[in-house]
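Worksheet for the structure shown next.
Quick caveat: nothing in here was measured; it's all calculated off a predicted structure. Sequence lines set the chain letters: A, B, ... in the order given, protein chains first and strands last, and positions in each chain run from 1.
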2 protein chains.
Amino acid sequence: MYYRYLGNLADAGVERISSRELSEALQMTASQIRQDLNNFGGFGQQGYGYNVEKLHAEIGKIMGVDTPHSLIIIGAGHLGQALAGYASYGKRNFTVEAIFDVNPEIIGQEIDGRVVKGMDELEAFVKENGADVAALAVPKSVAVEIARNIRDWGVRAIWNFAPIDLELPKEFPVENVWLLDSLMRLSYDLKDR
Amino acid sequence: MYYRYLGNLADAGVERISSRELSEALQMTASQIRQDLNNFGGFGQQGYGYNVEKLHAEIGKIMGVDTPHSLIIIGAGHLGQALAGYASYGKRNFTVEAIFDVNPEIIGQEIDGRVVKGMDELEAFVKENGADVAALAVPKSVAVEIARNIRDWGVRAIWNFAPIDLELPKEFPVENVWLLDSLMRLSYDLKDR
DNA sequence: TAGATTGTTAATCGATTAACAATC
DNA sequence: TAGATTGTTAATCGATTAACAATC
């Protein structure tokens with residue numbers, strides 16, 4: 001959240017910001033912000049506040065944005081194609097290296113300049129090239145098995161869009177993007193209004 | 001989280017579950033679970049535990065899943081099309097009512113059996129039919145303005161996929177789905193491993 | 001030097017956990 | 001009746017807020 005907001009400020013040409021100003025924009029207390037930032041280091045300066053660009057860069061470093069990461073996309077259905085065409089990965093230093101699907105009609109097609117590979121090529125590809133993150137956009141019926149396999153083959157983390165628990169050891173990094181959960185929060189917000 | 005897990009249990013035919021068993025599956029304490037559930041009502045029974053189907057239904061009611069909701073999709077690019085084709089809305093009692101785009105080449109095309117309407121039809125559509133939720137899958141350069149408009153016209157909540165703060169009054173329900181944020185959490189998890 | 005604002009400690013608050021009586 | 005497990009109170013813990021000395 002800090003990273004995103006500071007990026008916007010930097011784009012807008014803002015040079016410095018105080019914890020009080022940040023607190024108004026982000027709807028939290030200035031104390032909270034100073035505590036948070038201080039857990040990672042003294043990024044501010046008494047009497048001045050924080051330099052926007054420097055703070056943005058520091059938080060980026062903490063989050064690992066300064067390290068390039070490779071991304072492969074598994075499943076080239078609607079969602080997989082949307083993920084493949086998503087233009088902003090570069091902003092977080094990610095690069096899409098390959099896209100895979102089982103469907104023979106999709107294999108060989110071009111999506112945003114990349115030819116979709118068959119699932120039978122996945123094992124060899126991962127073993128040869130590795131992959132920092134695999135976006136899993138496949139039906140939930142096959143997600144668990146694919147997840148287990150790609151982890152064994154060398155994928156380091158999974159960005160999971162299948163609405164199911166992947167059952168991997170809990171130290172293995174998984175980010176679940178469960179769209180229905182967020183839609184359900186809206187249905188809750190709409191109650192009794 | 002409870003709703004999702006209990007749904008899986010129900011599908012698997014599990015009839016009853018105790019807070020202790022739930023706590024093992026969900027990686028939290030049994031105390032926590034009993035506290036959480038009791039805040040909404042006494043759904044369990046001493047000596048027995050919780051009836052899976054009943055608890056699932058109760059949580060559904062709390063979340064508003066028992067009320068049907070309408071959904072419109074604004075922006076029929078890759079992401080909008082993926083959202084339009086997403087099959088599982090019914091599970092949360094949502095129905096996709098219409099899809100809109102500005103691009104003349106896309107307008108009139110069929111996506112999963114629905115004809116894409118032009119953005120110039122949006123105002124009339126919303127004023128006439130209303131919409132509980134609008135999924136906003138448009139470039140961030142136009143997102144803020146569209147958001148302001150559709151709220152004025154009668155959309156009750158926004159499911160926002162544009163990576164920008166929509167600047168709506170904070171009592172208006174907005175769920176931001178910021179994919180790069182979750183990808184960035186993975187980049188953080190991958191640090192120093 | 002005076003004003004501003006951080007870094008940091010202490011106080012407060014709320015959330016989590018533990019414990020156990022109630023009861024199925 | 002005995003065993004199991006909830007509902008709920010009390011104890012603990014951690015996170016947030018307030019306050020202020022340090023310092024730019």
* Residues that A:Asn176 engages under side chain to side chain donor-acceptor pair (under 3.5 Å), provided they are two or more places apart ->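 Testing A:Asn176 for side chain to side chain donor-acceptor pair (under 3.5 Å), a comparison that skips the adjacent residues, returns A:Asn160.
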* Structure fact -> In B/S/- notation (B base, S sugar-phosphate only, - none; protein heavy atoms under 4.0 Å), nucleotides 5-11 of chain D written 5' to 3' is BBBBBB-
Please list, for nucleotides 12-14 of chain D, all pairs of protein and nucleotide N/O atoms separated by less than 3.5 Å.
none

* To do: Figure out the CG/P separation between B:Asn39 and C:dA15, and round it to whole Å.
  => 10 Å
* Distance in angstrom units between B:Gln27 CD and C:dT16 C1', rounded ->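 Value for this atom pair: 17 Å.
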* DNA chain C: stems of at least 3 consecutive Watson-Crick or G-U pairs, cut-off 3.5 Å? ->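 Stems found: C:3-24 with D:3-24.
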* **Pair B:Arg20 + B:Glu24: basic N to acidic O under 4.0 Å** => yes
* To do: Examine A:Phe161 and A:Ile158 and state if one hydrophobic cluster contains both, with Ile, Leu, Val, Met, Phe, Trp and Tyr joined whenever side-chain heavy atoms are less than 4.5 Å apart.
  => no
* Indicate if A:Phe100 and A:Val116 have the same hydrophobic cluster label, given that clusters are the connected sets of ILVMFWY residues with side-chain heavy-atom separations under 4.5 angstrom. =>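 A:Phe100 and A:Val116: separate clusters.
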* **B:Arg16 to B:Tyr48 six-membered ring, cation-pi geometry met (6.0 Å, 45°)** =>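 Positive - B:Arg16 is close enough to the ring of B:Tyr48 and near enough to its axis.
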* side-chain N/O B:Thr29 vs C:dT16 OP1/OP2, d < 4.0 Å -> no
* Hey, are the side chains of B:Tyr3 and B:Glu58 touching, using non-hydrogen atoms and a 4.5 Å cut-off? -> no
* Asked: Going by distance alone, is a donor N or O of one side chain under 3.5 Å from an acceptor N or O of the other, for A:Asp36 and A:Tyr2?
  ->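 Present: a donor and an acceptor within the cut-off.
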* Asked: So, for A:Tyr50 and A:Leu55, which heavy atoms are closest and what is the spacing to 0.1 Å?
  ->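 Smallest interatomic distance, heavy atoms only, reads CB-CD2, 3.8 Å.
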* How would you list all residue pairs meeting side-chain hydrogen bond (donor to acceptor under 3.5 Å, both in side chains) that involve residues 81-108 of chain B, not counting sequence neighbours? -> none
* For A:Arg4, all residues meeting salt bridge (charged side-chain N to carboxylate O under 4.0 Å, His left out), sequence neighbours excluded ->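 Here the qualifying residues are B:Asp181.
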